[in-house]
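Structure record follows, encoded as structure tokens.
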Amino acid sequence: MRRTVFNEDHEAFRETLRAFIEAEVVPVYDEWFAAGQAPREFYYKLGELGIFGINVPEEFGGAGMDSHKFEAVLYEETARAGVQFGGSGVHVLLALPYINMLATDEQKKRYLPKFVTGEEMWAIAMTEPGTGSDLAGMKSTAKLSEDGTHYVLNGAKTFITGGVHADKVIVCARTAAPTAEDRRHGISLFAVDTKSEGYSVGRKLDKLGLRTSDTAELAFVDVKVPVEDLLGEENKGFSYLGHNLASERWGIAFGAYAQAKAAVRFAKQYVQERTVFGKPVAHFQNTKFELAACQAEVDAAEAVVDRATEALDAGELTPAEAASAKLFCTEVAHRVIDRCLQLHGGYGYMNEYPIARLYADNRVNRIYGGTSEIMKSIIAKNMGL
């Protein structure tokens, strides 16, 4: 079946991006992997390429696009090359939607020009130690000062991707206590400058996968946040978080599909080149059957994410549909990547082969953005169960 989700503009972008990856990322990716993060300077190159400005309005230096399809191409091309762009994904996929949705014109004038160039990298801090997916259980607080000029932020966050290099972080904190009727009440969002006194970056976390993205613990001790950096209205943060979860989960679903597709590519190439018992591994029936089964699953995942992409761009992707896409595609990727690694034999366990890195990178897809169990709960509730 002919794929219809992308047009000529997306394919032109794909060609440019593929050439950029081959020239700027592939030759140095092993160094990034060993260092545990991409260099900060790399993000300026992404800014120059226009990656950060695709969905930023033109008046603030962006391209003014209102589509996630260019992000989809980015997922496919980085997975195809077996690389990642460090922690920059949260800059665009997670942080930007909140700025576009909640920031005032005055805030956008301050935030977005430097966002586009990579001069200021953004992250978002939701998860706290001990709370996991229970965002309503967060304990970080932001209390308005007596003179009403600033909030005083205290608390801690963990698992913050992009947290080491971030210049600005959207921090979720309590501006009011939860009520007996609504545990979600009282959460607000703030754009916090990481150079603020009392703001500190703790450990850069040592992860199983996604080795080139910087993930950190953050701490806030009496950090002064100007009232001008409140995003949206006070105490409505939880509803804002829920509003953007569909696009976040779409991104995870599409990324998982792209990884599964890349895994089949890596495995096909390997079995055609690797010889055992005097024959290429690809000549054995088991190899053909395994790859055929994997390809069928990738085809199904592609149909799911393409449909979800069209719905997202049309503003019609529901939370339950996003949860379903994430659940299905991450489970498919889990099965496909595991089987493709098996076809590599012992070499599949070596980090010098992209399938090994892909295996580790993929595992978190069933955890972050809401675990698979949370996705099932959302889907079941939508079914009336």
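Being a predicted model, the structure only gives us computed values, none of them experimental.
Relative ring orientation between Y257 and F254 is described as perpendicular, the plane-to-plane angle rising above 60° on a 0-90° scale split at 30° and 60°. Taking the six-membered ring for Trp and thresholds of 30 and 60 degrees, F6 and H10 have ring planes more than 60 degrees apart, a perpendicular arrangement. Taking the six-membered ring for Trp and thresholds of 30 and 60 degrees, Y199 and F220 have ring planes inclined between 30 and 60 degrees apart.
Between Q84 and Y29, the closest side-chain pair of non-hydrogen atoms falls below 4.5 Å. Using a 4.5 Å cut-off on side-chain heavy atoms (C-beta onward), L210 and Y368 make contact. Residues M121 and F52 form a side-chain contact, since some pair of their non-hydrogen atoms from C-beta on lies under 4.5 Å apart. Two residues are said to be in side-chain contact when any heavy atoms from C-beta on lie closer than 4.5 Å; E228 and R110 meet this criterion. Residues V225 and L230 form no side-chain contact, since every pair of their non-hydrogen atoms from C-beta on lies 4.5 Å or further apart. A 4.5 Å side-chain heavy-atom check between S200 and V221 finds every atom pair outside the cut-off. L144 places a side-chain heavy atom less than 4.5 Å from the side chain of V227. For the pair L231/Y111, a side-chain contact is recorded, criterion being any heavy-atom separation below 4.5 Å from C-beta on.
For CG of N7, the number of neighbouring non-hydrogen atoms (other residues, nucleotides, ligands) closer than 6.0 Å is greater than 12. Counting non-hydrogen atoms of neighbouring residues, nucleotides and ligands closer than 6.0 angstrom, the NZ atom of K381 reaches no more than 12 such neighbours. Heavy atoms of other residues, nucleotides or ligands lying less than 6.0 angstrom from CZ of R335 number more than 12. Within 6.0 Å of CZ in R184 there are 12 or fewer heavy atoms belonging to other residues, nucleotides or ligands. At most 12 heavy atoms of other shown residues, nucleotides or ligands fall within 6.0 angstrom of atom NZ in K268. Annotation: F159, atom CZ; neighbour count of heavy atoms from other residues, nucleotides and ligands within 6.0 Å does not exceed 12. The 12-atom threshold is not exceeded at NZ of K279, counting heavy atoms of other residues, nucleotides or ligands nearer than 6.0 Å. The 12-atom threshold is not exceeded at NZ of K236, counting heavy atoms of other residues, nucleotides or ligands nearer than 6.0 Å.
Using a 4.5 Å cut-off between side-chain heavy atoms of Ile, Leu, Val, Met, Phe, Trp and Tyr, with links allowed through other members, L93 and V73 fall into the same hydrophobic cluster. Put simply, L341 and L291 are part of the same group of oily side chains (I, L, V, M, F, W, Y) that touch within less than 4.5 Å, one to the next. Cluster annotation: F190 is not connected to L94 through the hydrophobic network of ILVMFWY side chains, with a link wherever side-chain heavy atoms come within less than 4.5 Å. Hydrophobic clustering, with ILVMFWY side chains joined whenever heavy atoms are under 4.5 angstrom apart, keeps L17 apart from Y44. Cluster membership check: L102 shares its hydrophobic cluster with I187, using side-chain heavy-atom separations under 4.5 Å among Ile, Leu, Val, Met, Phe, Trp and Tyr.
Nearest heavy-atom pair across I54 and F13 is CD1-CZ, 4.1 Å. Heavy atoms only, all atoms of each residue included: K157 and M126 are closest at NZ-O, 3.1 Å. Across L218 and G163, no two heavy atoms sit closer than the pair CD2-O, 4.1 Å. Closest non-hydrogen pair, A333 versus A256, comes out as CB-O, 3.4 Å. Shown here for G155 and S140, the closest heavy-atom pair between the two residues is CA-OG, 3.5 Å. Taking every heavy atom of both residues into account, N244 and M101 meet most closely at ND2-CE, 3.6 Å.
Note on R357 versus D30: salt bridge recorded, some NZ/NE/NH1/NH2 to OD/OE distance being below 4.0 Å. With respect to the salt-bridge test (charged N to carboxylate O, under 4.0 angstrom), the residues R14 and D9 do not qualify. Ion pairing between a basic and an acidic side chain is recognised when a charged N comes within 4.0 Å of a carboxylate O; D214 and R40 show no such pairing. Ionic pairing of R366 and E373 is not present here: no N-O contact between side-chain nitrogen and carboxylate oxygen is shorter than 4.0 angstrom. Taking a cutoff of 4.0 Å between a charged side-chain nitrogen and a carboxylate oxygen, E41 and K45 do not qualify as a salt bridge.
A donor-acceptor pair shorter than 3.5 Å cannot be found between the side chains of N286 and E290.
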Chi angles and distances behind the side-chain contact (heavy atoms from CB on, under 4.5 Å) call for H91, F85: CA-CA 11 Å; H91 183 69; F85 284 175; over 6 Å; no

Verdict with reasoning, R211 to D206, per salt bridge (Lys or Arg N to Asp or Glu O under 4.0 Å): CA-CA 8 Å; R211 302 287 297 182; D206 185 17; 2.7 Å; yes

side-chain contact (heavy atoms from CB on, under 4.5 Å) assessment of L189 paired with L241: CA-CA 9 Å; L189 308 185; L241 296 175; 4.2 Å; yes

Worked verdict on T16 versus L49 for side-chain contact (heavy atoms from CB on, under 4.5 Å): CA-CA 9 Å; T16 300; L49 190 64; 3.9 Å; yes

R174/E128 under salt bridge (Lys or Arg N to Asp or Glu O under 4.0 Å): CA gap, chis, key distance, verdict: CA-CA 12 Å; R174 286 203 165 277; E128 295 185 359; over 6 Å; no

Verdict with reasoning, L208 to V364, per side-chain contact (heavy atoms from CB on, under 4.5 Å): CA-CA 9 Å; L208 170 68; V364 76; over 6 Å; no

Working for side chain to side chain donor-acceptor pair (under 3.5 Å), residues N154 and T141: CA-CA 5 Å; N154 285 281; T141 61; 4.9 Å; no

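Relative to the six-membered ring of Y347, R274 misses at least one condition, a distance below 6.0 Å or an angle of at most 45° to the axis.
Put simply, NZ on K108 and CD1 on I99 are 9.5 Å apart, with the number rounded to the nearest 0.5 Å.
Between the side chain of Q107 and the backbone N or O of T104 there is at least one donor-acceptor pair closer than 3.5 Å. The closest donor-acceptor contact from the side chain of D306 to the backbone of V5 lies at 3.5 Å or more, if one exists at all.
Remark: of the listed residues E310, E11, E8, E76, E310 is the sole one forming a salt bridge (charged side-chain N to carboxylate O under 4.0 Å, His left out) with K69. In summary, of the residues considered (T371, I367, N365, N362), a side chain to side chain contact (heavy atoms under 4.5 Å, CB included) with T330 occurs for N365 alone.
With sequence neighbours excluded, no residue forms a ring pair (Phe, Tyr, Trp, His ring centres under 6.0 Å) with F328. Listed by chain and residue number, D134 satisfy the salt bridge (Lys or Arg N to Asp or Glu O under 4.0 Å) test with R183 (two or more places apart in sequence, or in another chain). Residues passing the side-chain contact (heavy atoms from CB on, under 4.5 Å) test with D338 are Y359, sequence neighbours excluded.
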